[in-house]
Amino acid sequence: MKKILVTGGLGFIGSHVVVELQNSGFEVVIIDDLSNSKIDVLEQITKISNIKPDFYQIDLRDKKAVRSFFNDSTIDGVIHFAAFKAVGESVQKPLDYYENNINALVYLLQEMKNRNIDHFIFSSSCTVYGQADELPITEDAPVKIAESPYGNTKQIGEEIIKDSCKAYNMNAIALRYFNPIGAHKSVKIGELPLSIPQNLIPFITQTAAGIREELAVFGDDYPTPDGTAIRDYIHVVDLAKAHVKALQRLLDKQNKENFEFFNVGTGKGSSVMEIIHSFENVTQQSLNYKIAERRKGDITAAYADTTKANEVLGWKPEETLEEALLSAWKWQQKQS
Ligand code: UFG
């Protein structure tokens, strides 16, 4: 049985990936510092899969702790999620973001290199494309100058991995996520924003639940059919399955290059207004919202060309937008 380290494995995406790895027969060990997650998630994962993953509470900036973890464990591959992820906060605290997101990555890669651990999956983002010149966005679209320190940590992260793969003959895949949403069908794991949500879907579900008074729609004057911005919202379980495919590709030595990257989205763009209406339809909730100013740094539209992920990874999303929105709502109802 292959043993996979999942850093940030108690977070939103990480926890769903842990479950999918266990479903696919992998043994999982989680490192998480609980800075943006709760230990209770470990129990919930265990309830879903009937297997308790090993867990280590480690801050990956603690180089000695990282070394001692690897000294004590035999790991076949690493999926790396642990990172700060709030775009706005990263503008206020750039050094925190560089210190955390970059150091953690470097320390992990160093330990992997020293032990010839070869398989690395990196949690990247469509933010690397900025406002792409052409839609849908293919992996050939140029990487644009980052809009935020957070986005920059993803770009620099990819560069660090590329250089490491070249120098040390490691193999890695970066998955560039579009907008992950939704929750596991068991309603045991989902997105847990510990403060006011910055992302659209948790803000919508909290508004419907009465926790927030009103959703602000950031801008209705974009050059899109209804004037609101367009994104590619993907069910987190589909996204999680893409990680298992990517890992298997590396383990089976099917990768064509040392470092590959794939877009992970649905290929379908939805505007903020379309999301609001779909949410209202599937949940039969009416949502309090108003039109507000554009949010600084937001782009007009982003959705993925998923041909490469479909054909090369053999991965396709299975869940619909409506299923994803409904699962997010069920998850929210369980919280309140
Ligand atoms: N939006 C609102 N009101 C809100 C929140 C969001 O109208 O209260 C709008 C945004 O303006 C945007 C859309 O909903 O048009 C989606 O916003 P999110 O914050 O949910 O997602 P983003 O596309 O802005 O951010 C995502 C990831 C980031 C990543 C970024 C790259 O969450 O990690 O894509 O563009 F950096």
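The first residue in the sequence is number 1, and the count goes up from there. First listed ligand is number 1; within each ligand, the first listed atom is number 1. What's counted below: heavy atoms across the whole structure, side chains too, no hydrogens, waters or symmetry copies.
Residue-level proximity to ligand 1 for Thr228 is absent, since no heavy atom of it falls below 4.0 angstrom. By the criterion of a heavy-atom distance under 4.0 Å, the backbone of Ala216, and not its side chain, is placed next to ligand 1. Of all the heavy atoms of Tyr233, the ones lying under 4.0 Å from any atom of ligand 1 belong exclusively to the side chain. Using a 4.0 Å cut-off between heavy atoms, Gln198 contacts ligand 1 through its backbone alone, with no side-chain atom that close. Looking at Tyr150 against ligand 1, only its side chain comes within 4.0 Å, counting heavy atoms. In Asn179, the part holding a heavy atom less than 4.0 Å from any atom of ligand 1 is the side chain.
Because its NZ or CZ atom is both nearer than 6.0 Å to the ring centre of Phe261 and within 45° of the ring axis, Arg176 counts as a cation-pi partner of that residue. Both the sub-6.0 Å distance and the 45° axial angle are not jointly satisfied by Lys2 relative to the ring of Phe26. Note that Lys93 lies outside the cation-pi zone of Tyr98, set by a 6.0 Å cut-off to the ring centre and a 45° limit from the axis. In this structure, Lys308 forms a cation-pi arrangement with Phe262, its terminal cationic atom sitting closer than 6.0 Å to the ring centre and no more than 45° off the ring axis. For the pair Arg67 and Tyr107, the cation-pi criterion (under 6.0 Å, within 45° of the ring axis) is not fulfilled.
Using a 4.5 Å heavy-atom threshold, the side chains of Ser270 and Arg231 count as separate.
The ligand atoms of ligand 1 that sit less than 4.0 angstrom from a heavy atom of Val87 are 36 (F). In the vicinity of Asp298, heavy-atom distances shorter than 4.0 Å reach the ligand 1 atoms 10 (C), 11 (O), 12 (C), 24 (O).
No side-chain donor-acceptor contact under 3.5 Å links Thr228 and Asp220.
The heavy atom nearest to atom 4 (C) of ligand 1, out of those in Tyr177, Phe203, Phe218, is found in Phe218.
Nearest non-hydrogen protein atom to atom 15 (O) of ligand 1 is Ala229 CB, 3.2 Å. Of the protein's non-hydrogen atoms, Val272 CG2, 3.8 Å is the one closest to atom 9 (C) of ligand 1.
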